[in-house]
Visitor: 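Structure provided below as structure tokens; questions to follow.
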Protein chains: 2
Amino acid sequence: MLDKNSLIPLYVQLENLLLEMIESGELKVGDIIPSENELSKNYSISRMTAKKAIDNLTIKGFLERVKGKGTFVIGKEKKIELPLNRLRGFTQKVKEMGLIPKNIVPILERRKADKKLAKLLGIDENEDVWYMERIRQIDDTPAVFEQSYIAISLLPNLTRKDLMSSKFEYVRSQGLEISDSDREISAEIPDDYVASSLHLKRNEPILLAECITYLKGGQVLEYSTIFYNQKKYRFKLYAD
Amino acid sequence: MLDKNSLIPLYVQLENLLLEMIESGELKVGDIIPSENELSKNYSISRMTAKKAIDNLTIKGFLERVKGKGTFVIGKEKKIELPLNRLRGFTQKVKEMGLIPKNIVPILERRKADKKLAKLLGIDENEDVWYMERIRQIDDTPAVFEQSYIAISLLPNLTRKDLMSSKFEYVRSQGLEISDSDREISAEIPDDYVASSLHLKRNEPILLAECITYLKGGQVLEYSTIFYNQKKYRFKLYAD
DNA sequence: GAGTGGTCTAGACCACGTT
DNA sequence: ACGTGGTCTAGACCACTCT
């Protein structure tokens with residue numbers, strides 16, 4: 001039961017109580033949990049307080065809410081492993097697993113580089129750049145969402161079609177060779193646009209990489225922000 | 001102004017409005033934003049609705065709430081860069097920057113390996129293992145929180161003092177050589193214990209690495225979960 | 001139509017920090 | 001004493017799903 005005189009907020013007490021039920025196996029993966037109305041009645045708290053507890057466990061990845069149906073315990077088994085520190089081989093690795101990769105390119109457009117972007121790409125301010133967005137899907141489930149800038153002078157003939165197959169191969173076909181990439185990794189709550197691109201709900205944490213990718217010789221090819229859908233995939237890394 | 005008949009919830013409208021103020025420079029880093037009471041009066045919404053908008057922008061890293069004082073716009077400049085895919089050199093890198101590293105070891109205790117842990121470490125179930133927690137601080141600000149398991153048979157004489165200096169060096173002094181580490185990286189909302197260990201508030205997203213560290217020769221040395229405080233530090237990676 | 005979660009209101013009391 | 005954010009209540013209306 002909950003202690004109304006405790007220093008610990010009621011919604012935190014309820015969170016912990018539900019967590020215990022999950023860890024003890026009383027609530028199993030796939031189970032529906034008591035509704036907000038049931039919880040508020042059973043524990044003599046208001047519905048808003050019960051809702052706050054459930055909301056918190058939802059953003060922590062233990063529960064999933066489905067409108068009109070209820071709230072369910074979800075598992076943390078994400079089947080497919082993808083590398084975080086490899087530039088190539090995404091498509092190939094997916095195919096090896098017998099799955100179908102697909103790239104969607106919602107946007108490919110010309111923009112002018114602002115000061116910050118020009119500095120990152122090693123070009124002049126107001127120089128033309130490509131801005132592109134790409135969603136990498138596996139069996140129609142979005143895995144990765146990329147937003148990327150590349151100097152137009154480097155790839156003057158880029159088309160959406162080139163991005164729908166292998167960007168790596170296209171760059172090579174233009175006589176350039178991708179070398180490596182510096183990345184900053186962080187955990188973020190994405191904005192609504194990114195969240196919907198990856199079919200995620202509001203307030204779900206997500207992996208973000210900000211990348212500078214270099215050509216052989218050290219020239220900057222592209223600046224990109226990459227969002228990873230960890231709801232369905234595991235992202236692996238090798239350290240030494 | 002807000003549109004009460006819109007399909008977009010009022011708190012989302014207010015979120016976007018506050019974000020525009022931040023991006024336009026109307027609200028600058030360090031500024032206090034209008035209080036919940038002011039917002040609810042100015043936009044003719046209830047205080048709970050204003051609060052929800054502010055709460056969401058807080059977990060997204062744009063605002064910081066201070067009890068008794070108000071809500072402030074925070075910057076995203078995190079000064080110190082730390083590597084995500086390097087096993088050694090943390091202490092040295094910090095010292096190079098003229099900062100003082102310190103390791104706190106709240107827990108070092110014997111436990112029995114359960115089935116899952118035994119399999120990960122390549123030992124028998126119920127064999128003795130060390131369980132240790134370590135907080136790596138830089139100038140008294142927690143940067144990394146580690147929870148780790150090591151078979152006692154590998155390091156029978158381990159003490160808290162050994163962990164307060166360099167774990168890497170201690171392992172070497174025992175005639176073992178650390179080789180590399182497989183890591184799974186994810187974005188999580190930490191539980192209250194981890195959050196308070198890193199001096200973070202509830203519901204702030206955090207980087208998590210689950211690691212298997214190997215000795216030269218391929219034997220498993222340790223299984224660890226490492227939490228990174230991205231509030232104060234940037235975590236970098238190199239991809240090729 | 002009944003139940004669910006999503007949003008919203010208009011109050012209330014509290015702990016905290018500033019004045 | 002006052003204003004702040006933190007919690008909590010007891011209602012309300014809505015859109016959605018299932019039957």
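Protein chains get the first letters and strands the later ones, always in sequence-line order, with residue 1 at the start of each.
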Visitor: Is the NZ or CZ atom of A:Arg111 positioned over A:Trp130's six-membered ring, under 6.0 angstrom from the centre and within 45° of the axis?
Guide: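 No - A:Arg111 does not lie over the ring of A:Trp130 by the 6.0 Å and 45° rule.
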Visitor: Where do A:Arg86 and B:Ala239 come nearest, in terms of heavy atoms and distance?
Guide: N-CB, 4.2 Å
Visitor: Taking the basic N atoms (NZ, or NE/NH1/NH2) and the acidic carboxylate oxygens, is any pair closer than 4.0 Å for B:Glu146 and B:Lys167?
Guide: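 Result for this pair is yes, salt bridge flagged.
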Visitor: By nearest nucleotide on DNA chain D, pick out whichever of A:Ser44 and B:Ile33 is the more 5' one.
Guide: B:Ile33
Visitor: Determine whether the side chains of B:Asn37 and B:Ser40 contain a donor N or O and an acceptor N or O closer than 3.5 Å.
Guide: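 B:Ser40 and B:Asn37 do not have a side-chain donor-acceptor pair below 3.5 Å.
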Visitor: Under a 4.0 Å heavy-atom cut-off, which of residues 65-76 of chain B touch DNA chain C?
Guide: B:Lys67, B:Gly68, B:Lys69
Visitor: Look at atom NZ of B:Lys161 and say whether more than 12 heavy atoms of other residues, nucleotides or ligands are closer to it than 6.0 Å.
Guide: no
Visitor: Quick test of your reading of the model: are A:Asp55 and A:Arg65 salt-bridged, counting only N-O distances below 4.0 Å?
Guide: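 Yes, A:Asp55 and A:Arg65 are salt-bridged.
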Visitor: Evaluate whether atom NZ of A:Lys76 has more than 12 neighbouring non-hydrogen atoms of other residues, nucleotides or ligands under 6.0 angstrom away.
Guide: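 Result for NZ/A:Lys76: enclosed.
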Visitor: Assign A:Lys51 to base, sugar-phosphate, or nothing according to its heavy-atom contacts below 4.0 angstrom with the strands shown.
Guide: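 If one applies the 4.0 Å heavy-atom cut-off, A:Lys51 turns out to touch a base.
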Visitor: Near DNA chain C, which residues from residues 2-17 of chain B have a heavy atom under 4.0 Å away?
Guide: B:Lys4, B:Pro9, B:Leu10, B:Tyr11
Visitor: Between B:Arg202 and B:Asp192, is the closest basic N to carboxylate O distance under 4.0 Å?
Guide: yes
Visitor: Would you call the rings of A:Tyr228 and A:Phe235 parallel, tilted or perpendicular, where under 30° means parallel and over 60° means perpendicular?
Guide: perpendicular
Visitor: Decide whether A:Gln147 and A:Tyr193 meet the rule of one side-chain donor and one side-chain acceptor closer than 3.5 Å.
Guide: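 Looking only at side-chain atoms, A:Tyr193 and A:Gln147 do not form any donor-acceptor pair under 3.5 Å.
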Visitor: Would you grab the first and last nucleotide of DNA chain C (5' to 3') that comes under 4.0 Å of any non-hydrogen atom in chain A?
Guide: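 Result: C:dG3 to C:dC8.
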Visitor: Give B:Glu64 one of three labels, base, sugar-phosphate or nothing, depending on what nucleic acid heavy atoms sit under 4.0 Å from its own.
Guide: nothing
Visitor: Specify the separation, in whole Å, of atom CG of B:Asn37 and atom C1' of D:dG5.
Guide: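 Distance, rounded to whole Å: 9 Å.
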